[in-house]
Amino acid sequence: MSLLANLRQLVSGVPVPSAGSEPVEPRQHSVRCIGPHGLHRMAYTEWGDPANPRVLLCVHGLTRNGRDFDDLARTLASHYRVVCPDVVGRGRSAWLPVKDDYQLPTYVADMVTLIARLDVDSVHWVGTSMGGLIGMLLASLPDTPIRRLVLNDVGPLVTLSSIQRIGQYVGQAPVFPSREAAEAYIREVSVPFGRLSDAQWRHLTEFSIREAEGGWVMRYDPGIAEPFRKSPLVADVDLWSVYDAIVCPTLVVRGAESDLLLRETALEMGARGPRARLVEVPEVGHAPMLMEPAQIAPIGDFLLEAD
């Protein structure tokens with residue numbers, strides 16, 4: 001089935017079939033990884049033919065999880081084996097006992113382990129925010145497995161103001177008396193995501209919370225915030241040297257109202273390093289959630305154009 005046909009079915013609400021006649025259904029797995037202080041389990045959701053050698057890795061943002069990519073994965077599952085990990089400390093993955101280990105080097109090492117588990121030599125990569133930073137770091141290394149890279153609202157210059165905004169809610173660990181209260185909170189802190197439908201907000205809420213004593217809590221370790229608190233930033237994060245080392249084809253998706261990826265940064269990304277293409281999503285800040293066909297289509301076109 002063509003990408004255009006997949007997108008039409010996504011709009012209509014009809015389940016999108018894979019290469020066969022069965023509806024696309026996700027499979028849940030995990031892989032054992034090693035960090036600075038021992039072993040931990042990283043969960044991941046897999047879509048499409050498990051024997052397909054073409055793998056697309058989709059990696060989420062700081063407090064999010066792999067189920068954010070359900071719509072993108074469902075659309076592309078007839079072309080790829082789509083794998084969406086829950087970065088350690090989030091979703092269904094384990095929590096690290098030493099909170100200082102919630103760092104990008106840990107996450108990069110975990111992704112290398114995951115790629116080895118998938119038994120493929122190369123992957124395409126879609127990374128939102130933190131997931132894009134992980135992808136940038138891995139793509140910048142010699143002999144990287146990443147062959148095509150999509151950076152969703154993140155780049156080599158991360159603004160201090162956006163980090164401070166995110167820091168206002170990350171790790172606060174509220175307890176909600178009901179699912180409805182949790183959804184109201186998620187809508188409030190996620191206003192930059194743009195105009196999502198009620199069904200889309202319910203989907204994000206369903207996979208963002210878990211039942212706990214006294215109600216519902218966010219499905220991530222509040223300890224992910226400890227590295228931020230111990231070493232608070234005083235300036236923008238500059239990763240231009242990392243970006244300039246990337247050689248694979250790169251696409252940048254930017255929320256037109258983003259405070260994390262400034263437009264001048266995105267334009268400069270098109271002029272140096274891998275000379276990324278730029279797509280801007282109107283009326284969205286940080287970050288586009290890639291749940292709408294209009295956001296998915298340019299990503300699919302970019303990833304599949306080499307076919």
Side-chain angles (χ1 to χ4, degrees), residues 3 56-62 64 69 72 76 80 104-105 107-108 111 122-166 192-194 233-290 292-307:
L3 178 61
L56 174 63
L57 270 180
C58 301
V59 186
H60 60 80
L62 180 65
R64 302 300 311 158
F69 295 104
L72 177 69
L76 294 176
Y80 287 99
L104 287 171
Y107 307 150
V108 171
M111 297 306 157
S122 64
V123 299
H124 290 179
W125 186 288
V126 174
T128 295
S129 194
M130 179 188 73
L133 293 177
I134 299 168
M136 279 177 48
L137 289 169
L138 185 54
S140 72
L141 298 176
D143 199 27
T144 177
I146 297 179
R147 295 293 179 264
R148 296 184 85 81
L149 175 65
V150 178
L151 300 174
N152 183 23
D153 211 62
V154 70
L157 190 70
V158 181
T159 64
L160 175 62
S161 60
S162 66
I163 295 172
Q164 290 174 333
R165 174 181 59 79
I166 294 168
F193 291 175
L233 297 173
V234 295
D236 296 343
V237 176
D238 187 332
L239 295 172
W240 280 111
S241 62
V242 172
Y243 179 78
D244 288 339
I246 298 171
V247 297
C248 67
T250 300
L251 172 71
V252 174
V253 178
R254 177 181 181 268
E257 300 173 10
S258 176
D259 63 344
L260 189 143
L261 177 60
L262 301 181
R263 192 163 198 274
E264 51 264 38
T265 302
L267 292 175
E268 188 171 354
M269 292 170 73
R272 58 189 283 188
R275 299 181 181 274
R277 302 179 207 174
L278 173 62
V279 172
E280 285 197 317
V281 181
E283 300 182 337
V284 173
H286 181 74
M289 290 308 293
L290 312 184
E292 297 291 340
Q295 296 178 21
I296 296 172
I299 294 174
D301 290 343
F302 169 77
L303 293 173
L304 296 171
E305 69 181 10
D307 287 359

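The model shown is predicted, which means the values in this text are computed figures rather than measured ones.
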* Among pairs that include at least one residue of residues 265-274, which meet side-chain hydrogen bond (donor to acceptor under 3.5 Å, both in side chains), considering only residues two or more places apart or in two chains? -> Asp244-Arg272, Glu268-Arg272
* To do: Could you walk me through whether Tyr80 and Leu303 pass the side chain to side chain contact (heavy atoms under 4.5 Å, CB included) test, one step at a time?
  => CA-CA 10 Å; Tyr80 287 99; Leu303 293 173; 3.3 Å; yes
* side-chain contact (heavy atoms from CB on, under 4.5 Å) against Leu278, all qualifying residues, sequence neighbours excluded -> Val252, Arg254, Ala266, Leu267, Glu280
* **Short side-chain to backbone donor-acceptor contact, Asp236 and Leu157, under 3.5 Å** => no
* **Pairwise side-chain contact, Val253 with Leu151, heavy-atom cut-off 4.5 Å (strictly under)** => no
* Asked: Taking all non-hydrogen atoms of both residues, which atom of Cys248 and which atom of Leu149 are closest, and how far apart?
  -> SG-CB, 3.8 Å
* Between Asp259 and Ser161, is any side-chain donor less than 3.5 angstrom from a side-chain acceptor? -> no
* Nearest-0.5 Å distance that lies between atom CG in Leu141 and atom CD1 in Ile146 -> 8.5 Å
* For Glu264, which residues count as a salt bridge (Lys or Arg N to Asp or Glu O under 4.0 Å) partner, sequence neighbours excluded? -> none
* What pairs meet the side-chain hydrogen bond (donor to acceptor under 3.5 Å, both in side chains) rule with one or both residues in residues 136-149, with sequence neighbours excluded? -> Arg148-Glu305
* Who pairs with Tyr243 by ring-ring contact (aromatic ring centres under 6.0 Å, His included), at least two apart in sequence or on another chain? -> Trp240
* Asked: How far apart are the closest heavy atoms of Leu76 and Gly300, and which atoms are they?
  -> CD2-CA, 4.1 Å
* Do Trp125 and Val59 have side chains that get closer than 4.5 Å, going by heavy atoms? -> yes
* Asked: How about Ile299 and Ile296: do any of their side-chain heavy atoms sit closer than 4.5 Å?
  -> no
* **Nearest atoms (heavy-atom pairs only) where Met269 meets Val154** => CE-O, 4.0 Å
* Structure fact -> Closest non-hydrogen atoms of Val126 and Phe69, given as atom of the first, atom of the second and distance, are CG1-CE2, 4.2 Å
* **Min side-chain heavy-atom separation His124-Leu57 under 4.5 Å** => no
* Structure fact -> Taken in chain and number order and not counting sequence neighbours, the residues that satisfy side-chain contact (heavy atoms from CB on, under 4.5 Å) with Leu137 are Leu104, Val108, Val242
* Asked: Do you know which two heavy atoms are closest between Ala256 and Pro282, and how far apart they sit?
  -> CB-CA, 4.0 Å
* To do: Answer yes or no: is there a side-chain heavy-atom contact under 4.5 Å between Ile163 and Val158?
  => yes
* Apply side-chain contact (heavy atoms from CB on, under 4.5 Å) to Val247 and list each qualifying residue two or more places apart in sequence or on a separate chain. => none
* Tell me, please, which residues at least two apart from His60 pass ring-ring contact (aromatic ring centres under 6.0 Å, His included). => none
* Using the ring pair (Phe, Tyr, Trp, His ring centres under 6.0 Å) rule, collect all pairs that involve residues 136-155, keeping only residues at least two apart or in two chains. => none
* Taking all non-hydrogen atoms of both residues, which atom of Asp153 and which atom of Pro288 are closest, and how far apart? -> CB-CD, 3.8 Å
Got a list of side-chain donor-acceptor pairs under 3.5 Å for residues 127-136, not counting sequence neighbours?
residue: Thr128; atom: OG1; partner: Asn152; partner atom: ND2; Å: 2.9
residue: Ser129; atom: OG; partner: His286; partner atom: NE2; Å: 2.9

* To do: Could you tell me which residues satisfy side-chain contact (heavy atoms from CB on, under 4.5 Å) with Pro192, sequence neighbours excluded, listed by chain and number?
  => Arg165
* Asked: Do any N or O atoms from the side chain of Gln295 and from the backbone of Leu290 form a donor-acceptor pair under 3.5 angstrom?
  -> yes
